Amino acid sequence: MHIPILIEPIAGNGYRSRGGEQFALSAEGPTREDVLAKLREQLQARLRGGSEVVSLEVSAEPHPLAKFAGMFKDDPLFGSWQKSIAKYRRDADADPDYL
């Protein structure tokens with residue numbers, strides 16, 4: 001997975017990096033092209049000031065329960081179990097006093 005990161009120089013303090021809503025750019029205009037051009041100019045102004053956009057590669061460990069996903073796919077009772085779950089949900093949704 002790659003996450004866009006903004007790295008900016010800070011006067012006398014080194015650098016600051018931000019992920020998420022790192023750009024904090026906004027523009028309004030009558031057309032899609034107009035707002036994209038305005039955002040491009042805002043970002044280019046930041047880049048001229050020494051900022052840079054980089055991609056940070058992040059590898060996550062698989063979820064600990066992922067190894068159990070699909071473990072009942074070949075179980076002959078799985079289909080009837082799913083039907084029973086669906087019936088229970090329909091009954092519970094239809095009658096607020098079902099439980």
Side-chain angles (χ1 to χ4, degrees):
M1 170 183 356
H2 290 270
I3 300 171
I5 302 294
L6 179 69
I7 301 174
E8 299 179 289
I10 299 173
N13 243 355
Y15 294 88
R16 171 181 49 221
S17 65
R18 291 191 267 176
E21 194 173 325
Q22 65 271 29
F23 303 119
L25 305 173
S26 179
E28 293 182 14
T31 68
R32 181 179 184 276
E33 291 75 21
D34 288 336
V35 296
L36 286 175
K38 289 177 183 179
L39 283 179
R40 183 176 295 111
E41 179 50 40
Q42 291 176 32
L43 183 56
Q44 286 175 340
R46 302 244 328 244
L47 295 173
R48 284 190 296 270
S51 297
E52 61 182 306
V53 178
V54 299
S55 179
L56 177 64
E57 185 174 351
V58 179
S59 62
E61 294 293 320
H63 192 281
L65 298 178
K67 61 185 173 190
F68 299 110
M71 65 188 257
F72 295 117
K73 68 180 168 91
D74 296 324
D75 190 312
L77 297 177
F78 186 76
S80 62
W81 179 37
Q82 292 298 300
K83 288 177 186 174
S84 295
I85 291 171
K87 180 184 180 318
Y88 171 80
R89 289 180 180 160
R90 282 192 307 274
D91 293 345
D93 289 344
D95 181 6
D97 297 324
Y98 182 74
L99 298 175

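All figures in this text were calculated on a predicted structure; none of them were measured in a lab.
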>> Could you work out, with side-chain hydrogen bond (donor to acceptor under 3.5 Å, both in side chains) as the rule, every residue matching Ser55, not counting sequence neighbours?
In response: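 Checked Ser55 against side-chain hydrogen bond (donor to acceptor under 3.5 Å, both in side chains); matches are His2.
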
> Which atoms form the tightest heavy-atom contact between Ser51 and Pro9, and what is the distance?
Replying inline: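 Here Ser51 and Pro9 meet closest at N-CD, 3.8 Å.
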
>> Can you tell me how far apart CZ (Arg16) and CD1 (Ile7) are? Round to the nearest 0.5 Å.
In response: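 It comes to 12.0 Å.
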
Could you work out, with side-chain contact (heavy atoms from CB on, under 4.5 Å) as the rule, every residue matching [X], not counting sequence neighbours?
X     : value
Ser84 : none
Lys87 : Arg90, Asp91
Asp75 : Phe72, Leu77, Phe78

Tell me which donor-acceptor pairs under 3.5 Å the side chains of residues 30-41 have, and how far apart each pair is, sequence neighbours excluded?
| unit_1 | atom_1 | unit_2 | atom_2 | d |
| --- | --- | --- | --- | --- |
| Thr31 | OG1 | Asp34 | N | 3.0 |
| Thr31 | OG1 | Asp34 | OD2 | 3.1 |
| Lys38 | NZ | Glu28 | O | 2.7 |
| Glu41 | OE2 | Arg48 | NH2 | 2.8 |

> Are Phe68 and Ile85 connected in the hydrophobic side-chain network, where two residues link if heavy atoms are under 4.5 Å apart?
Replying inline: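 Phe68 and Ile85: one cluster.
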
>> Under the rule for ring-ring contact (aromatic ring centres under 6.0 Å, His included), what residues qualify as partners of Tyr15, not counting sequence neighbours?
In response: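 ring-ring contact (aromatic ring centres under 6.0 Å, His included) list for Tyr15, sorted by chain: empty.
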
